[in-house]
There are 2 protein chains.
Amino acid sequence: MRFETSTIKDIAKALGLSTSTVSRALRDRYEISEETKKVVLAYAEKVNYRANPIARSLKERRSYSIGIIVSEIANNFFSQVINGMESIAYARDYHVIIAQSHESSKQEKLNVEHLASRSIDGLLIALSSETQDISYLKDLYQKGLPIVFFDRVPDNFETHKVIANNFKGSFDATEHLILSGKRTIAHLTNSETLSITKERLAGYKAALAKYHINFNPELVKYCQHGGMHSAELEDAVKELLPFKPDGIFISSDRLTTGCIMALKKSSPEVAHKIAIAGFTNSSLVDLFSPSLTSVKQPAFEMGQVATELLISMIEAKRPITEFETKVLDTELVRMQKNVGNPFL
Amino acid sequence: MRFETSTIKDIAKALGLSTSTVSRALRDRYEISEETKKVVLAYAEKVNYRANPIARSLKERRSYSIGIIVSEIANNFFSQVINGMESIAYARDYHVIIAQSHESSKQEKLNVEHLASRSIDGLLIALSSETQDISYLKDLYQKGLPIVFFDRVPDNFETHKVIANNFKGSFDATEHLILSGKRTIAHLTNSETLSITKERLAGYKAALAKYHINFNPELVKYCQHGGMHSAELEDAVKELLPFKPDGIFISSDRLTTGCIMALKKSSPEVAHKIAIAGFTNSSLVDLFSPSLTSVKQPAFEMGQVATELLISMIEAKRPITEFETKVLDTELVRMQKNVGNPFL
DNA sequence: AAAAAGTGTGCAATCGTTCCCAAAAACGTA
DNA sequence: TACGTTTTTGGGAACGATTGCACACTTTTT
């Protein structure tokens, strides 16, 4: 079960050189004669030499790999973010290791520690909806692991962060509902502890205030597990319906699709009467019935920006003291009236 | 930028033992006195010792990690497969590295070679729709890398494979369309070279034959890039419409959603008049309008089975000579008549 | 012509483990 | 007591790469 790959030693032996010389020729470092370099490179090419990244990692104490933690890859938003991350990472000769927390803080910690022990050079993480205690991340950070947060960020952690303009996205979506004549607008959202939850709630409230609509806390429902359990969502929807909302603003991808599903299942007769606006990056919204207004996050770009920041930290010569929080604008995609109408 | 973790050497020094002894105590191998073992384990626990997987990989020439190649993680089917793989891998102390081919054979090869150089212990792969030449996989396999194919498998490669019962799934879906009274049934499918394409086409043909409907090759459209380019899909749909199909059977996840989208975009007036049946593992089909009949693959289970087979290969004492191709049954989820009707 | 500076190469240590081999300790038996 | 056997431990060589240092050789400087 073992590979037969040629090593630097094999090359050295074959060419009658020392391993150091071969290494230098390959790495193109230090002064080395053009001639020997050419010979070595040619031979390396011939035997299809590939440096062993494991050995290099051990020696250099770094792995040229970046860890990514998201709650789920089966999520439009996150898979798009990951694609953005990959695009930058590959271009800069890093590769990525993806792990899923499944919205469990325990799983999250396990994954982070596993990645750390595999000598990742940096970590890109969106916190799980359960996560409260991030002290283990602080420890790792203090030990020298660069970390960049995206989407779901902690507020008591000084490092680079990349988020969407959650306040504005929520404000716009809520305002859109109001301008379409809705007055009893419910808000279905994620775990109360998440940064995105707070920011999106604030945007929702601000829009209500602008149009002098009273904020009713009973119209806000939190989902501790981010909609991972369908019962959680169905309960929330059930509790909202008695208030007869004419609009719902939903604050995350999974919740948005889950809510429509729950609505259709529990009360198909009202499902089409409630206007829905929600965060989602699903490319399939055009197919949904009832249709909805969606807030799209610049997911791909978010992944790119986060990765650029992380790599800059990794490759920084001196410790970084100034951190940025990049805020990217969301896009409001208004419901298309005729979509979902079977007679068109 | 470096971690301060304690090594086996540190423990040895602190306890006045040799590294060999400490290693043995930790690994629980060879004969070692209960007493020293206890002391070592206690101290290791105290300093929170974590073995360095990189060093171990180098020494043991294995990494306890499994490579996964799919065309895209932003695909319901594949993300579910990956979840199945993770579940088994983690339980058996392996971890997974995911890479995407984006349906490009070049990217696929690059990824595979990168994973191989990172000393993965085995590879789980679904071929890209572009892939024709798998000689590089054969090379790796011959050099000792265990490979298990799933979903899209080559026929000229002797190893374990896990696939869905594509013939039956297609047969059932096509038959369902026929039984709902459709007679001009088009077939939109993937690249002609893929195993799944051939099998699903055969199922489609068989169903037609059973009901004495002539097979018309012009009603079959292939998408070389698996629907990665929306133009490709729109063209295919446009070419099909003149034949006035009353039903379409679509053979992959991305194509199914993409086709409905294209249909709605190009000819909203007929979109709801054509009955659609297609392979998809989207959890959102209930929201789609027009609604459709879907063929669901046991994705999670497929991932589990493939991973179990792979790990059995990795851990096999002697070379394996008998290979199996596991075939898992699909499930037909019939269209719900009232779904998609805004007046219900 | 000798000293200084510059080039190209090899030696050997190192990263953190594992494991072969041998030495030491403990025990048993004659 | 002497010797063999078993158990436990330590020494040290790998695994494949990088790199500081020393050394040889060439070229330049004085």
Side-chain angles (χ1 to χ4, degrees), chain A residues 1-41 43-44 47-65 93 116-121 144, chain B residues 1-41 43-44 47-65 93 116-121 144:
Chain A
M1 286 296 168
R2 72 174 32 115
F3 277 5
E4 295 289 327
T5 51
S6 48
T7 73
I8 232 172
K9 231 185 252 172
D10 299 334
I11 299 183
K13 201 175 293 172
L15 261 39
L17 292 168
S18 74
T19 57
S20 3
T21 308
V22 176
S23 170
R24 280 193 278 256
L26 257 20
R27 318 246 84 234
D28 203 10
R29 295 192 68 152
Y30 285 78
E31 296 76 9
I32 187 153
S33 77
E34 274 306 317
E35 215 174 334
T36 5
K37 192 155 88 186
K38 235 181 264 169
V39 175
V40 171
L41 288 179
Y43 187 81
V47 299
N48 191 30
Y49 169 79
R50 294 284 119 115
N52 181 330
I54 302 270
R56 196 125 84 90
S57 290
L58 182 60
K59 184 70 185 57
E60 297 191 352
R61 292 149 149 237
R62 60 173 302 192
S63 60
Y64 295 92
S65 63
D93 274 333
S117 80
R118 299 219 42 108
S119 307
I120 50 166
D121 297 344
Chain B
M1 286 294 168
R2 70 175 32 117
F3 279 4
E4 295 288 327
T5 51
S6 47
T7 72
I8 235 173
K9 234 183 249 174
D10 299 332
I11 298 183
K13 202 175 292 172
L15 261 39
L17 292 167
S18 74
T19 57
S20 354
T21 309
V22 176
S23 172
R24 279 192 282 256
L26 257 20
R27 317 247 85 232
D28 202 12
R29 297 191 67 154
Y30 285 77
E31 296 76 10
I32 187 151
S33 76
E34 273 307 316
E35 215 173 335
T36 7
K37 191 155 90 188
K38 237 182 265 170
V39 176
V40 171
L41 288 178
Y43 186 80
V47 298
N48 191 30
Y49 168 80
R50 294 283 119 116
N52 180 329
I54 303 270
R56 195 125 83 91
S57 289
L58 182 61
K59 184 68 180 121
E60 297 192 347
R61 295 153 144 234
R62 58 173 304 190
S63 60
Y64 295 91
S65 64
D93 275 332
S117 80
R118 302 232 22 121
S119 307
I120 50 166
D121 296 345

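The sequence lines fix the lettering, A, B, ..., with proteins before strands; numbering per chain opens at 1. Bear in mind that the values here come from a model prediction, so they are computed numbers and not experimental data.
- Note on B:S33: every side-chain N or O is 4.0 Å or more away from OP1 and OP2 of D:dT8.
- If you take NZ of A:K37 and C1' of C:dT9, they are 15 Å apart, rounded to a whole angstrom.
- If you check every strand for non-hydrogen atoms under 4.0 Å, A:S57 touches nothing.
- For A:N48, the side-chain hydrogen bond (donor to acceptor under 3.5 Å, both in side chains) test picks out A:R50, with sequence neighbours left out.
- A straight line from NZ of B:K38 to P of D:dT9 spans 13 Å, rounded to a whole angstrom.
- With contacts defined as side-chain heavy-atom distances shorter than 4.5 Å, the pair A:L15/A:V22 does not qualify.
- Side-chain atoms of A:S57 and A:R118, non-hydrogen and from C-beta on, never get closer than 4.5 Å to each other.
- In this structure, B:R62 atom CZ and D:dA14 atom P are separated by 23 Å, rounded to whole Å.
- Scanning for side-chain hydrogen bond (donor to acceptor under 3.5 Å, both in side chains) contacts around A:S18 gives A:S20, A:T21, with sequence neighbours left out.
- The nearest whole Å value for the distance from the CZ atom in A:R27 to the P atom in D:dA17 is 10 Å.
- Counting non-hydrogen atoms under 4.0 angstrom, A:L17 reaches the backbone sugars and phosphates but no base.
- Remark: B:R56 is not in phosphate contact with C:dG16, judged by side-chain N or O atoms under 4.0 Å from OP1 or OP2.
- Along DNA chain C, the nucleotide closest to A:E34 and the one closest to B:Y49 are compared, and the more 5′ of them pairs with A:E34.
- Contacts of A:K59 classified as side-chain hydrogen bond (donor to acceptor under 3.5 Å, both in side chains), with partners at least two apart in sequence or in another chain: none.
- Of the candidates B:V40, B:L26, B:N52, B:L26 is the only one forming a side-chain contact (heavy atoms from CB on, under 4.5 Å) with B:I8.
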Contacts under 3.5 Å, N or O only, protein and nucleotides 13-15 of chain C:
unit_1	atom_1	unit_2	atom_2	d
C:dT14	O2	A:K59	NZ	3.3
C:dC15	O2	A:K59	N	3.4

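- The distance from atom OH of B:Y64 to atom P of C:dG16 is 20 Å, rounded to the nearest whole Å.
- Note: A:K13 NZ to A:S6 OG = 12.5 Å, rounded to the nearest 0.5 Å.
- Between the axis at the start and the axis at the end of the helix from C:dA1-D:dT30 to C:dA30-D:dT1 there is an angle of 60°, using five pairs per end and rounding to 10 degrees.
- Side-chain N/O atoms of B:T21 include none lying less than 4.0 angstrom from OP1 or OP2 on D:dT9.
- Once rounded to the nearest 0.5 Å, the distance linking CD1 of B:I120 with OG of B:S65 reads 7.0 Å.
- Put simply, A:S18 has no side-chain N or O that comes within less than 4.0 Å of OP1 or OP2 on C:dC11.
- Nucleotide C:dC11 holds its P atom 13 Å from the NZ atom of A:K13, rounded to whole Å.
- Following rounding to the nearest Å, A:L26 (CG) and D:dA17 (P) show an atom-to-atom distance of 9 Å.
- Nucleotide D:dA17 holds its C1' atom 13 Å from the CZ atom of A:R24, rounded to whole Å.
- Contact annotation for B:S20: base contact, defined as any heavy-atom pair under 4.0 Å involving a base atom.
- Put simply, A:T36 has a side-chain N or O that comes within less than 4.0 Å of OP1 or OP2 on C:dT9.
- Atom CZ of B:R62 sits about 11.0 Å away from atom OG of B:S119, to the nearest 0.5 Å.
- Residues passing the salt bridge (charged side-chain N to carboxylate O under 4.0 Å, His left out) test with B:E35: none are found, sequence neighbours excluded.
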